[in-house]
2 protein chains.
Amino acid sequence: MFSTASNPKVAIAAMAAMKPQLATMDELFSTSPRETLEMGEGLFWEGDRAQHIFEITEGVLRIFKIIADGRRVITGFLYAGDMVGLSLKNVYLYSAEAVTPVKVRRLTRKAFQDAIENSPELRPQLFSLMCDEMAAAQDQMVLLSRKSAEERLCSFLMMLGQRQSGQTQMPKTIQLAMSRQDMADYLGLTIETVSRTVTKLIQRGIITPNGRHAFDLTKPGKLLALCGDGDSYEDVGDPAVKTRQAVWPH
Amino acid sequence: MFSTASNPKVAIAAMAAMKPQLATMDELFSTSPRETLEMGEGLFWEGDRAQHIFEITEGVLRIFKIIADGRRVITGFLYAGDMVGLSLKNVYLYSAEAVTPVKVRRLTRKAFQDAIENSPELRPQLFSLMCDEMAAAQDQMVLLSRKSAEERLCSFLMMLGQRQSGQTQMPKTIQLAMSRQDMADYLGLTIETVSRTVTKLIQRGIITPNGRHAFDLTKPGKLLALCGDGDSYEDVGDPAVKTRQAVWPH
DNA sequence: TTATGATGTTACAAACTGTTACACGATTTC
DNA sequence: GAAATCGTGTAACAGTTTGTAACATCATAA
């Protein structure tokens, strides 16, 4: 199946790749028109036929599932530059709604797959994206599995801060695009517990409310310490100690 | 960057791919020797330099992270045929230990990446694998975020059943390779809660103990009903209703 | 067989989070 | 501009899950 220029399929692919010379994911979507979503509007629903991949150009999107009794679980928030809809299944595995007004561009799954398959530049980028997504999912599992309400809140604020600062140091102010209910459904808490915990953090002077949907980081160091993921590596030492079990002081 | 046979890199890659004609992930590892892990032995640790990708040939592996206070979160169990160590980072993002005696085969990351990059057969398979992993991670987030202890247990047993039956219908008996503590750390519960919940399911006649590490499915229908993920799609209807919000009866 | 340690089970009190109810302010609607 | 609605904050109470401890069971070795 793999061949050289004598295979017309490869030759065509090569030519296709030469024309726009796609080097970034963003360029892939550059020919698509921008579409607008109002606040609260849905982009697609769990179970819909998955025909497109989307790139977010502006705004914040929430990804969620609904289970029995109407319980909602938000599995992620997506910001400008992120992509949604990646999957091999024929239906979307989750729903997507606009948290704020949102602008997206879309590509058919086929166009996307062809572009990836024909671009040795794009493939590692896609792989990298998926790995990052997987790492984020695992961190979220840790949060939901073993962290207290306070640790969840602090972790969430730290994540938002890092995302807004773009990998540099923490910003002074953290913007919350989403409602308390969205936060609760993302953190596996109720809205009341979110409220209580936020109040406690404010009373302890760790954050200061700045309008209804933003916080100033008064003590960013404290916030980091309260995330609960310190010292992960502390006792992971000599790999030569083969039969060591994880220490579990229960 | 994309070219035809005039590019020696591609030509070499083509030749390399022609020799073994790699069509499945399994074949990729077929030249590597099998390595053995004893029960409880570690394969790698979170923070180690990530130099290899592993394929599990036999046995069960647990993937986990440790956070502050020694709290452990098992993010997954891996069985024969699964791969571990996929990531773009230079260090492993989690630890891997043998739950049962395990056999693995390894490939350097570079060898793996080259093989993927040079095989249009393997790429979709890898993509598919990663998508499945992502879907499983999201299901796990739902479980950890909003399911009760009983729902978690039932979901876990169903998952094990499906894995053991190989996508066909539920088997009569479900084998538990792991300890109660492992189950607890995977389901976000304590070992006591796991015990109590298992006892309840037995008393209600839904499962029947079959030795210490296996259950017979007396009422598989009941078990499925208790998973808590029914009716996810029930009100996901007309995509034309654009501004519909998810119903959230709180 | 008996001893020993690891693993699993059960009971009870305690803690955290969820539930319910109501108050407040901002925005929208009429 | 008043009323209704929505999102949010606060409080008392209830409930599930946890933590602690004791006990039971199993596997292995003496």
Side-chain angles (χ1 to χ4, degrees), chain A residues 38-40 62 69-73 99-100 143-154 176-203 207-215 226 228 243 245-250, chain B residues 38-40 62 69-73 99-101 143-154 176-204 207-215 226 228 243 245-250:
Chain A
E38 293 167 31
M39 188 180 293
R62 62 175 165 250
D69 318 335
R71 284 171 285 181
R72 184 177 71 163
V73 179
V99 173
T100 64
L143 181 145
L144 294 171
S145 186
R146 290 284 182 233
K147 287 189 179 177
S148 68
E150 186 175 270
E151 288 171 332
R152 293 181 196 201
L153 234 311
C154 293
L176 297 180
M178 66 294 296
S179 70
R180 293 287 189 271
Q181 184 64 67
D182 283 338
M183 290 170 60
D185 289 345
Y186 181 65
L187 298 175
L189 302 168
T190 58
I191 185 172
E192 293 86 351
T193 303
V194 171
S195 254
R196 271 194 293 250
T197 311
V198 165
T199 303
K200 265 186 233 162
L201 291 177
I202 293 172
Q203 285 171 348
I207 55 178
T208 307
N210 183 338
R212 197 109 175 200
H213 283 279
F215 293 116
L226 289 174
T243 52
Q245 291 257 154
V247 183
W248 186 236
H250 226 164
Chain B
E38 293 167 32
M39 187 180 292
R62 64 176 164 250
D69 319 333
R71 283 172 286 183
R72 184 178 73 161
V73 179
V99 172
T100 65
L143 182 146
L144 294 170
S145 185
R146 289 284 181 234
K147 285 189 179 179
S148 68
E150 185 174 89
E151 288 171 331
R152 293 181 198 201
L153 233 312
C154 293
L176 297 179
M178 66 293 296
S179 69
R180 293 288 189 271
Q181 184 65 67
D182 284 338
M183 290 170 60
D185 289 345
Y186 180 65
L187 298 174
L189 302 168
T190 58
I191 184 173
E192 295 89 347
T193 303
V194 170
S195 249
R196 278 187 287 253
T197 310
V198 165
T199 302
K200 267 186 232 162
L201 292 177
I202 292 171
Q203 285 170 347
R204 291 165 61 186
I207 56 178
T208 308
N210 184 338
R212 195 111 171 197
H213 284 280
F215 293 118
L226 289 173
T243 52
Q245 289 259 156
V247 183
W248 186 234
H250 225 162

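Heavy-atom basis, side chains included; hydrogens, waters and symmetry copies ignored. Chain letters run A, B, ... following the sequence lines, proteins first and then strands; every chain starts at 1.
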* Going from CG on B:L189 to OG on A:S145, what distance comes out if it is rounded to the nearest 0.5 angstrom? -> 8.0 Å
* A:H213 side chain N/O closer than 4.0 Å to the phosphate oxygens (OP1, OP2) of D:dG7? -> no
* To do: Determine yes or no for a side-chain-to-main-chain donor-acceptor pair under 3.5 angstrom, with B:R146 supplying the side chain and A:R71 the backbone.
  => no
* Please give, in whole Å, the distance from C:dG18 C1' to A:Q181 CD? -> 13 Å
* Structure fact -> Overall bend of the helix from C:dT1-D:dA30 to C:dC30-D:dG1 (five pairs an end, 10° steps) is 30°
* **Between C:dG25 (P) and A:R180 (CZ): distance, integer Å** => 17 Å
* Structure fact -> Applying ring pair (Phe, Tyr, Trp, His ring centres under 6.0 Å) to B:F215 and not counting sequence neighbours gives none
* Asked: Who are the side chain to side chain donor-acceptor pair (under 3.5 Å) partners of B:T193, not counting sequence neighbours?
  -> B:T190, B:R196
* Any chance you could measure B:R62, atom CZ, to B:S179, atom OG, to the nearest 0.5 Å? => 6.5 Å
* Closest non-hydrogen atom pair, A:G228 against A:E151 -> CA-OE2, 3.5 Å
* To do: Please report the shortest heavy-atom distance between A:L187 and A:R152, naming the atom on each side.
  => O-NH1, 2.8 Å
* Structure fact -> For B:M183 and B:L153 the tightest heavy-atom approach is CE-CD1, 3.9 Å
* To do: Let me know the distance between CD1 of A:I202 and P of D:dT8, rounded to the nearest Å.
  => 13 Å
* To do: Nearest whole angstrom, please: distance from the P of C:dT28 to the CE of A:M39.
  => 10 Å
* Can you name the residues that form a side chain to side chain contact (heavy atoms under 4.5 Å, CB included) with A:E150, not counting sequence neighbours? -> A:S148, A:C154, A:T197, A:L201, A:R204, A:L226
* Asked: Which residues satisfy the side chain to side chain contact (heavy atoms under 4.5 Å, CB included) test with B:T199, sequence neighbours excluded?
  -> B:Q203
With the criterion being N/O to N/O and under 3.5 Å, what pairs connect the protein with nucleotides 12-17 of chain D, and how long is each?
residue, atom, partner, partner atom, Å
D:dT17, OP1, B:A149, N, 3.1

* Structure fact -> Rounded to whole Å, CG of A:L187 lies from P of C:dT17 at a distance of 12 Å
* Give one of base, sugar-phosphate or nothing for A:S179, where a contact means two heavy atoms less than 4.0 Å apart. => sugar-phosphate
* Residue A:E192, side-chain heavy atoms: nucleotide from C:dT19, D:dT8, C:dT10 that is nearest -> C:dT19
* Structure fact -> B:I191 CD1 to C:dT7 P, in whole Å, measures 9 Å
* To do: Give the rounded distance in Å between these two atoms: CE of B:M178 and C1' of C:dG8.
  => 16 Å
Could you go through nucleotides 22-29 of chain D and list every protein N or O atom that sits under 3.5 Å from one of its N or O atoms, giving the distance for each pair?
residue, atom, partner, partner atom, Å
D:dC26, O4', B:R212, NH1, 3.1

* **Euclidean distance, atom CD of residue A:Q203 to atom C1' of D:dA11 [Å, nearest integer]** => 13 Å
* Structure fact -> Applying side chain to side chain donor-acceptor pair (under 3.5 Å) to B:T208 and not counting sequence neighbours gives B:T218
